[in-house]
Amino acid sequence: EVQLVESGGGLVQPGGSLRLSCAASGFTFKRFWMHWVRQAPGKGLVWVSRVNDGRSTNYAESVKGRFTISRDNAKNTVYLQMNSLSAEDTAVYYCVSGYGAKFDYWGQGTLVTVSS
Amino acid sequence: EIVLTQSPGTLSLSPGDRATLSCRASQSVTSSDLAWYQQKPGQAPRLLIYGASSRATSIPDRFSGSGSGTDFTLTIARLEPEDFAVYYCQHYDTSPFYTFGQGTKVEIK
């Protein structure tokens, strides 16, 4: 059974940093692209970042230069380092595995709240 | 940048009804890059359809996807109580990579 378990969310002040982690199991982690997708309260889904199986990374324009995605294939874990956070970054952050155009499996999400 | 517009915003139907959800792209897209997701309250989204018309693993056959070019449709043949949820279409491109429609809520009438 595929499992993606996010951790690291919480309350952070504007301008602060947070590091999200996602532990994966139940599939050959190193072969899959890993993503972060977020959802602000009451809003729709927004793709944030991707790291492919070769460790190439991509970012949405809204987070480029502030967020860094990385993966540790030995630990079956993907990370999202988030810096210079603002209220607009408040959302549930989902860890997602997939390949190519689709998002196959989703974690349950971790809530990030940016507020003073 | 391709924009996905879903309609209607809300669909009020009864169990057993047929649901037809639309996703329109601002320019022609490759069908293989179009997917649909279901999200129930308090839950993560779930992949339903990929490649515009292929059902994901374990998805019941009452769900079907169709379309090409700029117009895509998700059809739920006979609504079951567990199908009342929000549905999103999603597209992949080389940039800006992944975009979602704004969602269609299917609610009980």
Side-chain angles (χ1 to χ4, degrees), chain A residues 1-7 9 20 22-24 26-27 32-52 56-65 67 69 80 91-112, chain B residues 1-7 9-10 21 23 25 29-59 63 65 67-68 72 74 85-105:
Chain A
E1 179 191 5
V2 172
Q3 282 198 318
L4 298 168
V5 180
E6 303 96 335
S7 60
L20 305 183
C22 170
F27 63 103
F32 279 76
W33 299 359
M34 297 300 297
H35 306 260
W36 290 94
V37 175
R38 69 184 181 184
Q39 186 170 37
K43 302 296 185 182
L45 302 168
V46 177
W47 173 78
V48 173
S49 183
R50 173 187 78 183
V51 56
N52 70 8
S56 174
T57 60
N58 302 99
Y59 300 91
E61 283 298 321
S62 59
V63 307
K64 199 175 289 185
F67 289 12
I69 190 171
L80 186 67
V92 173
Y93 284 74
Y94 293 104
C95 171
V96 187
S97 67
Y99 195 86
K102 57 182 169 62
F103 301 119
D104 291 272
Y105 298 103
W106 298 64
Q108 282 306 299
T110 187
L111 176 62
V112 172
Chain B
E1 176 181 341
I2 292 174
V3 176
L4 300 178
T5 302
Q6 293 186 239
S7 62
T10 301
L21 287 66
C23 176
V29 302
T30 305
S31 295
S32 61
D33 296 333
L34 196 288
W36 290 91
Y37 301 83
Q38 175 194 66
Q39 186 178 32
K40 298 178 183 180
Q43 295 186 19
R46 175 176 70 149
L47 175 66
L48 293 177
I49 301 288
Y50 64 95
S53 60
S54 298
R55 273 188 301 276
T57 304
S58 303
I59 300 303
F63 291 92
S68 64
F72 297 86
L74 174 69
V86 179
Y87 293 83
Y88 295 93
C89 59
Q90 171 255 316
H91 174 253
Y92 168 69
D93 202 346
T94 52
S95 181
F97 302 104
Y98 301 88
T99 54
F100 290 91
Q102 82 278 20
T104 290
K105 181 179 181 180

**Item:** Pairwise side-chain contact, B/Trp36 with A/Lys102, heavy-atom cut-off 4.5 Å (strictly under)
**Value:** no

**Message:** Nearest 0.5 angstrom please: B/Thr94 OG1 to A/Asn58 CG, how far?
**Reply:** 10.0 Å

**Message:** What I'd like to find out is whether the side chain of B/Tyr98 reaches to under 4.5 Å of the side chain of A/His35, using heavy atoms alone.
**Reply:** yes

**Message:** Could you walk me through whether A/Gln39 and B/Gln39 satisfy the side chain to side chain donor-acceptor pair (under 3.5 Å) test, starting with their C-alpha distance in whole Å, then the side-chain angles of each, then the deciding distance to 0.1 Å, before giving a yes or no?
**Reply:** CA-CA 12 Å; A/Gln39 186 170 37; B/Gln39 186 178 32; 2.8 Å; yes

**Request:** Against chain A, label B/Ser32 side chain, backbone, both or neither, depending on which of its atoms sit under 4.5 Å from a heavy atom there.
**Result:** backbone

**Item:** Greatest number of heavy atom pairs closer than 4.5 Å to chain A - which of B/Arg46, B/Gln90, B/Gln102
**Value:** B/Gln90

**The single option from B/Phe100, B/Tyr88, B/Tyr50 passing ring pair (Phe, Tyr, Trp, His ring centres under 6.0 Å) against A/Phe103** = B/Phe100

**Request:** Quick one: closest heavy-atom pair of A/Gly107 and B/Ala44, and the distance?
**Result:** O-CB, 3.1 Å

**Complete:** By side chain to side chain donor-acceptor pair (under 3.5 Å), B/Asp33 pairs with (sequence neighbours left out) none

**Over 12 foreign heavy atoms within 6.0 Å of NZ, A/Lys43** = no

**Prompt:** Would you say the ring centroid of B/Phe97 lies under 6.0 angstrom from that of A/Trp47?
**Reply:** yes

**Prompt:** For A/Val92, is it the side chain, the backbone, both, or neither that has a heavy atom closer than 4.5 Å to a heavy atom of chain B?
**Reply:** neither

